[in-house]
Amino acid sequence: MIVESPAKAKKIAGYLGEDYIVMASVGHIRDLASKASDLPEGERKHSWSKLAVNVDDGYRPYYIVHPSKAQTIRDLKAALKDAKELLLATDEDREGEAISWHLLEVLKPKVPVHRMVFNEITPEAIREAVANPRELDMQLVDAQETRRIVDRLYGYPVSEVLWKKIGRDAKSAGRVQSVAVRLVVDRERERIAFSSAGYWDIDAVFSPEDFKARLTSLDGTRVAIGKDFDQNGALKSQDKVTLLDEARASALAAGLKSASFTVRSVEQKPSQRKPSAPFTTSTMQQEASNRLRWGGQRTMRIAQSLYENGYITYMRTDSVSLSSQALNAARVQVTELYGPEYVEATPRTFPNKSKNAQEAHEAIRPAGDAFRTPDELRRELNADEFALYDLVWKRTVASQMVNARVATTTAKIIGTATDGSLAEFTASGTVVVFPGFYAALKDVPEEGSENEHELPALTEGQVIDARGLNAIGHTTSPPARFTEAKLVQRLEELGIGRPSTYASIMTTILDRGYVWKKGSALVPSFIAFAVVRLL
DNA sequence: CAGTGAGCGAGCTTCCGCTTGACTT
C-alpha cells in the first residue's frame with residue numbers, strides 16, 4: 001500500500017499487520033521538467049522546451065522524476081517485486097489522484113492494482129477501504145494535469161514579460177502569488193486615498209459603581225461616530241446626525257457638569273454565542289497568529305511535529321468536519337470535565353466556508369478516540385507544541401458544547417445642559433448567564449467577549465450623578481493593512497491556493513521583494529505597484 | 001605579444017502543489 005505521508009504509513013502499517021507493506025510516496029514523485037536542459041537530448045531546442053509542455057502537439061507534458069525522489073522510487077520498486085497486489089491509497093483529492101496515476105506510470109506494476117481512499121485513520125475505516133477498492137478516476141487526474149500545465153503556461157511566460165518590461169527587480173508572476181500581491185497593493189491604494197475625519201463626543205462616568213457611558217444623542221438627533229464617515233472623510237448618509245467639534249463638545253461637557261441625570265430606559269436582551277468550527281489549516285494559522293503571534297511557517301512546523309508524534313490529526317486540510325470517532329471523544333470529554341448539561345444534544349456540524357474545499361482529511365483535532373487534555377500532555381510537549389495543542393484541543397472540544405447564553409443590558413441616561421440642550425448617554429453591559437462552550441476556552445475568550453462587563457442595577461426614572469464628563473476627540477482610520485493571517489483568510493475565501501501552500505505564498509511574496517513586513521502588517525514595495533499595474 | 005571590445009551563443013531565472021528532511025542563519 002502506498003500513501004503520501006510517512007507518518008500515515010507507519011500508523012496504517014500498525015493496523016494492517018504483517019500481510020501488508022505500507023510505504024509513502026512522500027508527496028508528488030514527478031513534476032514537469034523545470035528547465036529545457038532537463039529534457040531528453042533532441043527535445044531541448046523547441047520553442048516550448050523550457051515550458052516542458054509541447055504546445056504544438058496536444059499540450060503534451062514532459063515529466064521528470066526529481067533527483068531527490070529517485071531513492072523513494074527505487075524503494076517502492078524493490079518492495080513491489082514481492083508484492084501480490086498494489087493498493088494506491090493516496091489522498092482523496094485532485095493532487096492525490098494524480099500521485100496515484102504517476103505512481104502507476106513510473107512503477108509499471110505487473111500485479112493487480114486497486115485505488116482506495118479513507119478520510120480517517122482508524123482500523124475500521126482502513127479495513128472498510130481495503131474491502132471496497134475503486135478504479136482510478138481519470139477525470140480527476142486530467143483535472144490535476146490541466147491545472148499543472150496551465151499554471152506553467154501562464155506562470156513562466158508572464159514572469160518573463162515582467163523581466164522585459166519592468167526589469168529584473170520584478171521577479172515572478174502567477175495565478176496565486178500575483179493575486180496575493182494585488183490584494184496587498186489594492187489595500188495600500190485605499191489607505192493612500194483615504195482622508196480621515198475628526199469628530200468629538202463625551203465620555204461620562206456615572207455613579208453608582210462608576211459605570212461608563214457615551215454621549216449618543218443630542219436634542220433627539222444621533223451624534224456622529226466613525227462609521228458615519230466615508231473614505232473621503234465626508235459624512236456618509238443623509239441620516240440626520242449631529243457632528244460635534246471640539247468647541248461644541250467641550251462646552252457641552254462643561255454645561256452638563258451640574259446637571260441632574262435620569263435613567264430614561266433600561267432594556268435587557270438575551271442572546272446566544274455559538275462556538276467556532278474546528279480548525280482547518282487556514283483558521284488554525286489565523287488563531288495562532290491572533291493568540292500566539294506566530295507566522296504561518298512556525299505554526300505549520302509545530303503542527304507537523306505534533307502530527308508526526310501522534311498528538312493531532314493531519315494539519316493540511318480544508319475540512320471543518322470531525323469523524324464520528326472524534327465527535328464521540330469530544331462529547332465524552334465534555335461530559336467528564338464539565339457535565340452533561342454542557343454537551344450539545346446532537347453532534348454539531350459546521351458549513352464549509354471555502355467553496356473549493358476537497359475535504360480529503362478531517363478537521364485538525366487531537367488525535368485518537370479519547371482526547372488527552374492539554375494538562376495531561378504538559379510534561380511531554382515543549383512550550384510551542386503545548387501552546388498549539390492547547391488551541392486545537394479547546395477549539396475541538398468547544399465545537400461540541402452548547403451555546404453560551406449572555407444578557408446585554410442597555411441603559412439610556414438623560415440630562416439637560418445649562419444651555420438647554422438635552423443630552424442622552426448610552427451605557428451597555430453584558431453578563432454571561434450560562435457559559436456553555438466558554439467553559440472550555442477559559443483564558444481564551446471568544447472574539448468580542450474580552451470587554452464584557454456588568455452594569456449596576458438601574459431602574460427607570462432613577463436619578464444618578466455624573467462623576468466625570470470628558471470631551472473626547474476621535475479620528476477615523478483607513479482600512480488596516482493585511483497581516484499574513486488575514487491575507488490567507490482572504491485568499492481562501494477567493495478559492496486561491498491550497499492548505500499546503502498558504503504559508504509558502506507569504507514567503508514567496510516576501511522573498512520576491514513584493515511586500516515587506518512592518519510589525520505584522522504587509523506593506524507593498526514600489527515594484528509591487530508596478531507589477532500589479534502591468535498585470 | 002598583451003589587452004580591449006564587439007558579437008554571439010549558452011545557460012539561468014520564473015509557475016503551483018504534494019511531501020519530509022538536510023541544510024544554514
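Every chain is numbered from 1, with letters handed out A, B, ... down the list of sequences. Here the structure is a predicted model, which is why all the values come from computation and not from measurement.
- Rounded to whole Å, the distance from CG on A:Leu32 to C1' on B:dT14 is 13 Å.
- In the model, A:Trp101 has no side-chain atom that pairs as donor or acceptor with a side-chain atom of A:Gln144 under 3.5 Å.
- Rounded to whole angstrom, the span from the NZ atom of A:Lys165 across to the P atom of B:dT13 amounts to 24 Å.
- Counting non-hydrogen atoms under 4.0 angstrom, A:Tyr154 reaches nothing in the nucleic acid.
- Shown here are the side chain to side chain donor-acceptor pair (under 3.5 Å) partners of A:Arg331, two or more places apart in sequence or in another chain: there are none.
- Annotation: cation-pi pair A:Arg512/A:Tyr514 absent, no NZ/CZ under 6.0 Å from the ring centroid and within 45° of its normal.
- For the pair A:Ala173 and A:His28, both in contact range of DNA chain B, the more 5′-proximal nearest nucleotide belongs to A:Ala173.
- As judged by a 4.0 angstrom heavy-atom cut-off over every strand, A:Arg512 is placed among residues touching the sugar-phosphate backbone only.
- Side-chain atoms of A:Ser500 lie closest to B:dG17 of the nucleotides B:dC15, B:dG17, B:dT20.
- Between A:Ser25 and the options A:Ile73, A:Leu88, A:Val106, A:Ile99, a side chain to side chain contact (heavy atoms under 4.5 Å, CB included) holds for only A:Ile99.
- With rounding to whole Å, A:Arg498 atom CZ is found 5 Å from B:dC18 atom P.
- Here the P atom of nucleotide B:dT20 and the CG atom of A:Leu76 are 15 Å apart, to the nearest Å.
- Taking atom CZ on A:Arg316 and atom C1' on B:dT19, their separation rounds to 6 Å, with Å as the unit.
- On a pure distance criterion of 3.5 Å, no polar donor-acceptor pair joins the side chain of A:Arg152 and the base of B:dT14.
- Between A:Arg316 and A:Glu4, none of the side-chain N atoms (NZ, or NE/NH1/NH2) sits under 4.0 Å from a carboxylate O, so this pair counts as no salt bridge.
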Dot-bracket, DNA chain B: Watson-Crick or G-U, under 3.5 angstrom, [ ] crossing, | other strand?
.........................
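- Nucleic acid contact for A:Glu160: base, since at least one base atom lies under 4.0 Å from a heavy atom of the residue.
- Of the candidate nucleotides B:dG21, B:dT14, B:dC18, B:dG21 has the atom nearest to the side chain of A:Glu308.
- Mapping A:Gln177 and A:Lys45 onto DNA chain B via the closest heavy atom, the residue that lands nearer the 5' end is A:Lys45.
- Among the atoms of the strands shown, only primed sugar atoms or phosphate atoms (P, OP1, OP2) are found under 4.0 Å from some heavy atom of A:Ser37.
- A:Ala98 comes within 4.0 angstrom of nothing in the nucleic acid, heavy atoms only.
- Across all strands shown, A:Gly27 has heavy atoms under 4.0 Å from base atoms, whether or not it also approaches the sugar-phosphate.
- Atoms OH (A:Tyr63) and C1' (B:dC16) sit 12 Å apart, rounded to a whole Å.
- Note: CG (A:Asp31) to C1' (B:dG17) measures 8 Å, nearest angstrom.
- As rounded to whole Å, 19 Å separates atom C1' of B:dT14 from atom CH2 of A:Trp48.
- In summary, the side chains of A:Glu484 and A:Ser289 do not present any donor paired with an acceptor at a separation below 3.5 Å, with no hydrogens or angles considered.
- Applying the 4.0 Å criterion to OP1 and OP2 of B:dT20, one finds that A:Ser5 has a side-chain N or O inside that range.
- Among the atoms of the strands shown, only primed sugar atoms or phosphate atoms (P, OP1, OP2) are found under 4.0 Å from some heavy atom of A:Gly497.
- At the heavy-atom level, A:Gln304 lies under 4.0 Å from the strands shown only through sugar-phosphate atoms.
- Classification of A:Arg148 and A:Asp31 as a salt-bridged pair holds, one side-chain N sitting under 4.0 Å from a carboxylate O.
- In this pair, A:Trp48 and A:Tyr62 present their aromatic rings parallel. The plane angle is below 30°, not in the 30 to 60° band.
- A donor and an acceptor atom sit less than 3.5 Å apart, one in the side chain of A:Arg147 and one in the base of B:dC16.
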